[in-house]
There are 2 protein chains.
Amino acid sequence: MARVPMGEVQPSEPSPEASEIPGELAERIRRRGGRATIYDIAELAGVSPSTVSRALSKPGRISAKTEARIRDAASRLSFRINPMARALPTGRSQTLALLVADITNPVVFGIVRGAEHEAARAGYTLVVAESQESGETEAETTSRLMPSVDGIILASTRLSDDAIRLTAARTPVVLINRAVSEVDSVLPDVEKGVAELLNHLHALGHRSIVYLAGPQISWVSGRRWESLLDSSEALGMAIVEIGPTTPTIDGGRGALRRVLASKSTAAVAFNDLIAIGLMQAAARQGVEIPGELSVAGFDNVFGSELMCPSVTTVGSELEQAGRRAVRVLLARLGGDDVEDASELLDTELIVRESTGPPRDV
Amino acid sequence: MARVPMGEVQPSEPSPEASEIPGELAERIRRRGGRATIYDIAELAGVSPSTVSRALSKPGRISAKTEARIRDAASRLSFRINPMARALPTGRSQTLALLVADITNPVVFGIVRGAEHEAARAGYTLVVAESQESGETEAETTSRLMPSVDGIILASTRLSDDAIRLTAARTPVVLINRAVSEVDSVLPDVEKGVAELLNHLHALGHRSIVYLAGPQISWVSGRRWESLLDSSEALGMAIVEIGPTTPTIDGGRGALRRVLASKSTAAVAFNDLIAIGLMQAAARQGVEIPGELSVAGFDNVFGSELMCPSVTTVGSELEQAGRRAVRVLLARLGGDDVEDASELLDTELIVRESTGPPRDV
DNA sequence: TTGTAGGCGTTATCAA
DNA sequence: TTGATAACGCCTACAA
């Protein structure tokens, strides 16, 4: 805080004790837009640029005194390392990409938040991009992003297994909600939640179920169907799959007729959005829920609780999925062992108002 | 598609007609991880690297024939420019940052989507980060991101005017939902929507209103309050402001008691989330909505329509806000005139079920 | 522990 | 129109 009066010191002779920056240096930095480089620090601290580089990037491999002097100089110049300049020799941008099918789908909020926080915690930056449910857009976006990120997280990807393996061969990839051999993935324990759901429906008295599938290309939709099939067989319930459906509220709205046509007493939708749409259409047509039709969804999305009746759903740990995907990616990048990559994320049934006993039982 | 049989041509002599790559070159590229550089293209096309650079970055300033040859070579090597390498001399990363207070707040979905699409359309990458409603985190994130982006969009920022001006002085900044002199911003036409809302409430018979404010630091909350004040004065209605409240469902839940204590017949919440929380708390306490209390929110967030009763709200063009913020930023970067930056985004009242005539009128 | 020198892939300046 | 050549800011052998 003590300011040295101008002119009392020779500005040309930098004195490490004074909190003042030689005019010439200051001028040079100013002209450069205020951004100091390691050369400036080196000059101010009276060492070589490489020493500065070492001090800043791998602390400890340098004499404590020198390091302190360098840190001091760096902060006096409010130095911020230039990520691009660092990325050039290292090939590392400290950036991760997260690709989602639809940014406005509430399912991704949790994933994005978890991933962003975990990335920031590790000093990484997260780029979020949207494929709009299109494999083509996704492929394009992926290859556009690839050169500038160190790794990619594919959430609910619409790519083919081969396409995924191909990009995984060029850059580290972690999948969320999709399994492909040889590629890391973060998966929910679908079986558990589905079993809970079907037990619930069975206990209510339902014996026939219709599964309203998501997009044809959706791997999760397939998984959920398989699980439902297993569970319903075990319980001796009838089940049919109809679809595919766009995984949006609109998609759900358009599917009511086919659902009713199945004469099932309960409908399980691929996700909450579809379930909500289905319920809205039902309300409009005077179909009582859950009296005439029980409805359940997946994901425990924001809004499923607000809906009336509120939506019974199989929730999973979205935020956790995002966090773990980043951790797995960083572990790969660091050459570390990939943690519990194969461990499934917990999943659980959340019973709300959209499921109840079938009227005619 | 016609493949030249191996060995029929001298691999050392690249022939532009053949779709084949000299072994030595291919080998070098392979060793580098498959990523070709402009040097590789230069070699393959028989020109100098600088010519390649020109051909690829500013098409037209080169002979058509040479350019074609270069493009051909580039695609044969499936060349992708290295963004970091380009960023070094130009100082441009082709990346924009979008800072939001809370990623899981549905208000931001639209903004993020609009911004992401507009950015992608212009060949830019969008980085999304969250400040978690904290000015400190926001300042830190901003300065962390600053060196690696060409511009920053601050949506619902929690920074002080001075802090904003300071960062705007170092890097292009566009504000969404916040006005600060000398800084570009994208703003909604608050007055219009608020006037519509108060006219609606007045017509229903309400004469006393309570405004449940958002965070103290929220500029929008202040703007909304000012507007409400203006409109209610004009209509001769009583109005009081209470708060501040966390702009979440939980925040709204906790505010019911104070709202009821005001004895107003209608509550206007800072945003839909607060309105929803308020309504949930009311339902739990048996307070009938809209019979005993009318409730309205802002933003027309996903979920406000699902809630029951569904929420009357003042909606604004979120996606449009994101798009325009990016456009303004890019215009600044390009030195172009900033378009309709001062033009306000439309805002409109969406009447739903949470507002109705007060019971005792 | 520190400094020297060369390279990362691109753009930009200046000649040719 | 094209080609050398020198940045851009940092990292990293290698040498001292």
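Each chain gets a letter, A, B and so on, in the order its sequence line appears, and its residues count up from 1.
No hydrogens or angles considered: a donor-acceptor pair under 3.5 Å links the side chains of A:S181 and A:R165. A side-chain N or O of B:S48 and one of B:T51 form a donor-acceptor pair less than 3.5 Å apart. Defined by atom type and a distance below 3.5 Å, a donor-acceptor pair is missing between the side-chain atoms of A:T137 and A:R158.
Atom CZ in A:R92 sits roughly 16 Å away from atom C1' in D:dC10 (whole-Å rounding). One interatomic measurement links the two molecules: CE of A:M84 to P of C:dT11, which rounds to 14 Å at whole-angstrom precision. Distance, B:K65 NZ to D:dT1 C1': 13 Å, rounded to whole Å.
In terms of the side chain to side chain donor-acceptor pair (under 3.5 Å) criterion, A:R92 has no residue partners (sequence neighbours excluded).
In this structure, B:R332 does not pair ionically with B:D150, as no charged nitrogen and carboxylate oxygen lie closer than 4.0 Å.
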Could you go through nucleotides 12-14 of chain C and list every protein N or O atom that sits under 3.5 Å from one of its N or O atoms, giving the distance for each pair?
residue : atom : partner : partner atom : Å
C:dA12  : OP2  : B:K58   : NZ           : 3.2

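Within the 4.0 Å cut-off from OP1 or OP2 of C:dT11, at least one side-chain nitrogen or oxygen of B:R86 is found. Using a 4.0 Å cut-off, no side-chain N or O of B:S48 falls inside it from OP1 or OP2 of D:dT2.
The environment of CZ in B:R170 is sparse: at most 12 heavy-atom neighbours from other residues, nucleotides or ligands sit within 6.0 Å.
Shown for residues 30-41 of chain A: residues whose heavy atoms fall under 4.0 angstrom of DNA chain D, namely A:R32, A:T37, A:I38, A:Y39.
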